[in-house]
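All chains are named by letter (A, B, ...) in the order of the sequence lines, taking the proteins before the strands, and each is independently numbered beginning at 1. In this text, all values refer to a predicted model and were calculated from it rather than measured experimentally.
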Amino acid sequence: MTEQKNILIDCRNVSLGYEGKAISSHLSFSLCSGDYLCVVGENGSGKSTLLKAMLGLLKPMEGQIARDKSLRAGAIGYLPQQTRAQRDFPATVNEVVLSGFLSGRKGRFFYTPSEKSRALMNMGKLGVLELKNRCYRELSGGQQQRVLLARALCAAGELLILDEPVTGLDPAAAHDMYHTLSYLNRTEGLAVVMVTHDLPNALKYATHVLHAGHKDWFFGTTAAYLASPYGEKFGGDAQ
Amino acid sequence: MSLLLEMFTYPFILRAFVVGILVSLCAALLGVPLVLKRYSMIGDGLSHVSFGALSVALACGWSPLPVSIPVVVVAALLLLRMTERSRMGADAAIAVTSASALAVGIIVTSLTTGMTTDVDSYMFGSILAMDRADVALSVGLSAAVLALFVLFYHRLFAITFDESFSQATGVKVGLYNTLLSVLTALTIVLGMRMMGAMLISSLVIFPALSAMRVLKSFRGVVICAAALSVISFCVGLTASYLLGTPVGASVVIVNLLVFLACCALSRMRRRG
């Protein structure tokens, strides 16, 4: 990966909310290629809302979110929180991973051979290739998250957005997940944005932190965050 | 055997077979995403709305299908909105809508014609209900459902499995949900005449549930549900002819038996 950083997502003075009620206001930050950004903060401070806005699913009430051309047409790998319906869904791992390729391209109804081989490659990267024909509902929580991450890789060119990827995983599976993300970030050069409550572990890998509070917010590098009053309060035991 | 052969000499039974096979095929295909998305109740709600519309049409002396199709399609869109907007109150909202539509139908009927055989056949289905226009309509409809299902198969899978991910990758989730509920509405209006308003929703739900018990891939479940549905219908219709039982109820019972067999099979597999 070259070190030339281009800005993937640029938020300028953005206010977000539903039905005219602002949850977070006047956010400004930018995400460059290769960044690893952790979004932290209390419940209800608008973290998931911010992710939706970054994905382009929610229009900001104020301000502007500019996205790089490479992210247009849905080329963002998104790992949403799991829904209850998915837990007993009859689908093979292969079917789930392939569905990552449906990024809004019109006119084609079926997958191409190259997409099929790229799906296999992504399954291999995440160590779920041997589960290819297994049923999604029979996998462990950690394996399910890996499958969903493989699907996200199929959709992603340069950016992964993850909503609480380790929630509900046991410590070993969570550790695995962080390890994989860090590999994707450093070796494959993918930018990562992650909402998380697991601050100590998140800070180990993140390059930047966005702390969303109810009234104020903080954005900066991980080092700057740890030195700030927010970091002292939340991540004091992370060093 | 000769009794079976004799059965096919009646044109009304042939029509019932054609329409029934097509409708159960469509219902099973649409049923898989509906059941997985926890929309099973929509089918039930729609059949009751359809009953209400049919009885009003009957009371006013209008021809039933042109009246009930638009009413049920509109109801389908409304029910979908309700389900999307509030997960919590959705089942209650659907229950209220279906009970109200049923009540309107019954009141209108009792004030005008009374409980005639026509109304009875809408409630519980009739093998005689199929005329030539129904056959033509169901052939057209099932062709449309099949074509859309095959073409949009991967997108339907994606929105069924994970709506938020599909939305993020640019799939028009709202459009496909609407498509799904409109097709369901049409299938229900057509199938209701034969299966009955009280029983049609089982045609949507049972095959999907049975197939999900025994198979592990989405594609497998879809194909298996379609096959089970068609087979159950044929067995049910034949049984109803031989035993003189009502068609709708017979088909539901066959579906139930298939479902129980699938449950037993999956349990045996888990043990063995």
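Legend: residues meeting side-chain contact (heavy atoms from CB on, under 4.5 Å) with A:T49, ordered by chain and number and at least two apart, are A:L16, A:Y18, A:I23, A:L58. For B:V35, the side-chain contact (heavy atoms from CB on, under 4.5 Å) partners at least two apart in sequence or on another chain are B:S40, B:I205, B:A208, B:L209, B:M212.
Proximity to chain B is limited to the side chain of A:Y136, based on heavy atoms less than 4.5 angstrom apart. Proximity to chain B (any heavy atom under 4.5 Å) is restricted, for A:L148, to the side chain, taken from C-beta onward. Of the two parts of A:E138, only the side chain, counted from C-beta on, holds a non-hydrogen atom closer than 4.5 Å to a non-hydrogen atom of chain B. With a 4.5 angstrom heavy-atom cutoff, B:T160 touches chain A via backbone and side-chain atoms both. With a 4.5 angstrom heavy-atom cutoff, A:R137 touches chain B only via side-chain atoms. Neither the backbone nor the side chain of B:V32 has a heavy atom closer than 4.5 Å to any heavy atom of chain A. Within the 4.5 angstrom heavy-atom criterion, atoms from both the backbone and the side chain of A:V96 approach chain B.
Atoms CZ and CZ, on A:F89 and B:F218 in that order, are 5.0 Å from each other to the nearest 0.5 Å.
Minimum interatomic distance between B:V171 and A:L102 (heavy atoms only, all atoms of both residues): CG2-O, 3.4 Å. Smallest separation of non-hydrogen atoms from A:L57 and B:S164: CD1-O, 4.4 Å. For the pair A:I76 and B:T169, the tightest heavy-atom approach, listed with the atom from each and the gap, is O-CG2, 4.4 Å. Residues A:S99 and B:F165 come closest through the heavy atom pair O-CE2, 4.0 Å.
Between chain B and the residues A:C135, A:G56, A:P90, the largest count of heavy-atom pairs under 4.5 Å involves A:P90.
Ring geometry for A:Y111 against B:H154 counts as tilted: the plane angle lies between 30° and 60°, on a 0 to 90° scale.
No side-chain donor-acceptor contact under 3.5 Å links A:E95 to the backbone of B:S217.
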